[in-house]
Amino acid sequence: MIKKERFRKVIDYFTTHMPVAETELTYENPFSLLVAVILSAQCTDRRVNMITPVLLSRYPDAASMAEANSGELFEMIKSCSYPNNKAKHLIAMSRTLIDKFDGAVPDNLEDLQKLPGVGRKTANVILSVAFHKPAMAVDTHVFRVSERIGLTTRAKNPYDAELQLLKYIPEEKLSLAHHWLILHGRYICTARNPKCSECGLRAFCTYYEKSLDK
DNA sequence: ATCCCGAGGG
DNA sequence: CCCTCTGGAT
């Protein structure tokens, strides 16, 4: 099956079965989304959503978080992974926002990636979700699912996968597609013991086909 | 034991 | 390319 056809089938399937797909992180503005996405690394959205309301009521914007006491901030986020790194990143990120961007979250990839703790994946999420710009953030789910269902072929790294996906997904569907792949990866196409019996994509899934040989 | 919407540094 | 950070859920 040619690539274009494969993408069409996948998009058709999700359009029917998951017409609405949004981030499961709660947020109110670009800054709170930025904080939530930084906290979400190696941590479930459920836990992040328990932390951010408390954290953001204490530090509602870059100005207040830039002046946060690192020990106090650490205590508030210690139940998620890498609390030490994340506490440092949140404070340094806020300081950079104040120093270089007038306290506002930038709306372009280059400037977003200048923020401590913000890499390409996080920057793409902010662009796509907070600013509704065409971008494809590739996280562990998007990377795994895309490879399994053949949207990408031997992607070497997340950026490679991003380029392969951008080639065939229409701009206006990028954000939707991003969340389709994440939610599918989270609940059906899980890393271990994927629920292929519940998956409507198995008819043309190369991963499922291979699993039958075992 | 293995994985969760990674980033920074060597 | 590799490693480290590092808590909670399953």
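Keep in mind the model is a prediction, meaning the values are calculated, not measured. The chains referred to below are lettered A, B, ... by the order of the sequence lines, with proteins before strands, and numbering in each begins at 1. Just so it is clear, the values below take in all heavy atoms, side chains as well, and ignore hydrogens, waters and symmetry mates.
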For a quick check of understanding: with a heavy-atom distance under 4.0 Å over all strands, which category does [X] fall into, base, sugar-phosphate or nothing?
{"X": "A:Lys86", "value": "nothing"}
{"X": "A:Val138", "value": "nothing"}
{"X": "A:Thr190", "value": "nothing"}
{"X": "A:His89", "value": "sugar-phosphate"}

Separation of [X] atom [atom1] from [N] atom [atom2], in whole Å?
{"X": "A:Ile182", "N": "B:dC4", "atom1": "CD1", "atom2": "P", "answer": "11 Å"}
{"X": "A:Leu109", "N": "B:dA7", "atom1": "CG", "atom2": "P", "answer": "11 Å"}
{"X": "A:Leu34", "N": "B:dG6", "atom1": "CG", "atom2": "P", "answer": "15 Å"}
{"X": "A:Met93", "N": "B:dA7", "atom1": "CE", "atom2": "C1'", "answer": "13 Å"}
{"X": "A:Asn84", "N": "C:dG7", "atom1": "CG", "atom2": "P", "answer": "9 Å"}

Please determine if a side-chain N or O atom of [X] lies less than 4.0 Å away from the OP1 or OP2 oxygen of [N].
{"X": "A:Ser81", "N": "B:dG6", "value": "no"}
{"X": "A:His178", "N": "B:dC5", "value": "no"}
{"X": "A:Arg192", "N": "C:dT10", "value": "no"}
{"X": "A:Gln42", "N": "C:dT6", "value": "no"}
{"X": "A:Arg47", "N": "C:dA9", "value": "yes"}
{"X": "A:Thr140", "N": "B:dC5", "value": "no"}
{"X": "A:Arg186", "N": "C:dA9", "value": "no"}

In plain terms, say whether A:Glu162 and A:Arg120 are close enough for a salt bridge, that is, a side-chain N and a carboxylate O under 4.0 Å apart.
->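 Salt bridge flag = yes for A:Arg120 with A:Glu162.
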Between A:Arg58 and A:Glu72, does at least one N-O distance fall below 4.0 Å, as a salt bridge requires?
->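 Yes, A:Arg58 and A:Glu72 are salt-bridged.
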Which residue, A:Ala137 or A:Pro116, contacts DNA chain B at a nucleotide closer to its 5' end, judged by nearest heavy atom?
-> A:Ala137
Does a donor on one side chain sit under 3.5 Å from an acceptor on the other, for A:Asp111 and A:Asn108?
->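 Yes, A:Asn108 and A:Asp111 have a side-chain donor paired with an acceptor closer than 3.5 Å.
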Tell me, please, whether A:Tyr168 has A:Lys4 positioned over its six-membered ring: NZ or CZ under 6.0 Å from the ring centre and within 45 degrees of its axis?
-> no
How do A:Asn157 and A:Cys43 order along DNA chain C: which one's closest nucleotide is nearer the 5' end?
-> A:Asn157
Side chain proximity check, A:Tyr59 to A:Leu90, heavy atoms < 4.5 angstrom |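 A side-chain contact under 4.5 Å is absent here.
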